[in-house]
Amino acid sequence: MSGYISLWVTFGLQSWFLLAAGAFECLQKETLIRQTPRRVTPPTDCLMECTSMTYFRKVQLQDKHTIRLGYSTEGDLGEYCWSTDLKCTVGDSFLHAYVVLPVDTSAVGHEQLEVRSTTPTVTALQAHQSPTTLAESCGLRYDVTRHFGTPNSGTSFCMQVSTEGDPLGDRVLRCAPFLVTFWQRNLDQSNHHGAG
């Protein structure tokens with residue numbers, strides 16, 4: 001799972017919020033052209049719709065965070081994976097990461113799903129209930145920040161979704177899950193490094 005392609009949405013230049021404890025700051029310029037892994041899931045309608053709905057919500061809320069949406073790669077059977085090597089821009093500080101499950105939230109609730117990380121460790125994931133800039137209609141959100149924001153994160157993060165009678169979860173998902181990361185722009189840092 002070398003290479004991580006992100007479809008990113010950048011709409012703000014600075015945030016009025018404080019950095020989360022333990023957030024890392026990007027010190028290298030992002031390479032815009034990267035080699036694509038062979039088993040990457042192509043952008044889905046769900047990802048594209050979520051991008052546009054989130055942009056609209058971001059404008060309404062006047063949110064200044066940088067938001068990046070990235071699609072998954074295939075892992076083992078029923079696994080969805082992302083590189084923990086998050087691509088960033090000089091001066092951005094990582095704040096949060098969420099996996100979004102594109103399900104019909106009126107038909108399927110988080111309590112009906114068994115969502116767990118499989119790499120680096122097997123852990124049950126809990127649905128994130130607090131509001132975010134991410135459009136509610138994108139799907140159910142699972143906070144996976146701790147799997148990306150620490151030095152012991154490993155090289156990849158994988159997860160599985162299942163329900164009773166559907167061990168692969170593919171009957172409840174409209175599309176493959178995707179990763180959404182939130183970043184705060186530090187103007188002083190980006191100017192110091194000459195990024196633009």
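Source: prediction; values computed, not measured.
Under the rule for a side-chain hydrogen bond (donor to acceptor under 3.5 Å, both in side chains), the partners of R116 that lie at least two apart in sequence or sit in another chain are E114, Q160. Not a single ring-ring contact (aromatic ring centres under 6.0 Å, His included) links F178 to another residue, sequence neighbours left out.
Taken from CG in L47 to OG in S52, the straight-line distance is 10.0 Å, to the nearest 0.5 Å. If you take OG1 on T54 and CD1 on I67, they are separated by 6.0 Å, rounding to the nearest 0.5 Å. Atom CE of M159 is separated from atom CD of E79 by 10.0 Å, given to the nearest 0.5 angstrom. How far CG of L86 is from CZ of F94: 5.5 Å, rounded to the nearest 0.5 Å. To the nearest 0.5 Å, atom OG of residue S156 and atom NE2 of residue H147 are 12.0 Å apart. One finds the CZ atom of R171 at 6.5 Å from the OG1 atom of T163 (value rounded to the nearest 0.5 Å).
For A97 against D143, the heavy-atom pair with the smallest separation is O-OD1, 3.3 Å. Nearest heavy-atom pair, T133 versus L61, reported as atom, atom and distance to 0.1 Å: CA-CD1, 4.3 Å. Smallest separation of non-hydrogen atoms from L134 and R57: O-NE, 3.7 Å. P102 and A176 get closest at one heavy-atom pair: CG-O, 3.6 Å. Taking every heavy atom of both residues into account, L95 and T145 meet most closely at O-CG2, 3.5 Å. Counting all heavy atoms, side chain and backbone alike, A135 lies closest to M53 at CB-CB, 3.7 Å.
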Verdict with supporting geometry, K87 and D85, salt bridge (charged side-chain N to carboxylate O under 4.0 Å, His left out): CA-CA 6 Å; K87 303 304 176 193; D85 179 24; 2.9 Å; yes
Test side chain to side chain donor-acceptor pair (under 3.5 Å) applied to R146 and S117, step by step: CA-CA 12 Å; R146 68 185 181 99; S117 65; 5.7 Å; no
Stepwise side chain to side chain contact (heavy atoms under 4.5 Å, CB included) check, Y80 with C158: CA-CA 5 Å; Y80 301 95; C158 297; over 6 Å; no
Test side chain to side chain donor-acceptor pair (under 3.5 Å) applied to W82 and T84, step by step: CA-CA 6 Å; W82 298 267; T84 55; over 6 Å; no
Verdict with reasoning, E136 to R141, per salt bridge (charged side-chain N to carboxylate O under 4.0 Å, His left out): CA-CA 9 Å; E136 295 284 327; R141 298 176 317 270; 3.5 Å; yes
Candidate pair Y98 and T132, rule side chain to side chain contact (heavy atoms under 4.5 Å, CB included), full reasoning: CA-CA 10 Å; Y98 300 97; T132 67; 3.7 Å; yes
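Counting heavy atoms from C-beta outward, L173 and V103 have side chains that approach closer than 4.5 Å. Side-chain contact between L69 and M48 is absent, with no heavy atoms from C-beta onward closer than 4.5 Å. Between S93 and R185 the shortest side-chain heavy-atom distance does not fall below 4.5 Å.
Using cut-offs of 30° and 60° on the angle between ring planes, the pair H96 and F182 is perpendicular.
Cysteines C50 and C138: SG-SG separation is under 2.5 Å.
Aromatic ring centres of F157 and F148: separated by under 6.0 Å. For Y142 and H128, the distance between ring centers is not under 6.0 angstrom.
For Q60, the CD atom counts as densely surrounded, since its 6.0 Å shell holds more than 12 non-hydrogen atoms of other residues, nucleotides or ligands.
K64 contributes no side-chain N or O that, together with a main-chain N or O of Q184, makes up a donor-acceptor pair within less than 3.5 Å.
Between V161 and the options L113, L140, L125, a side-chain contact (heavy atoms from CB on, under 4.5 Å) holds for only L113.
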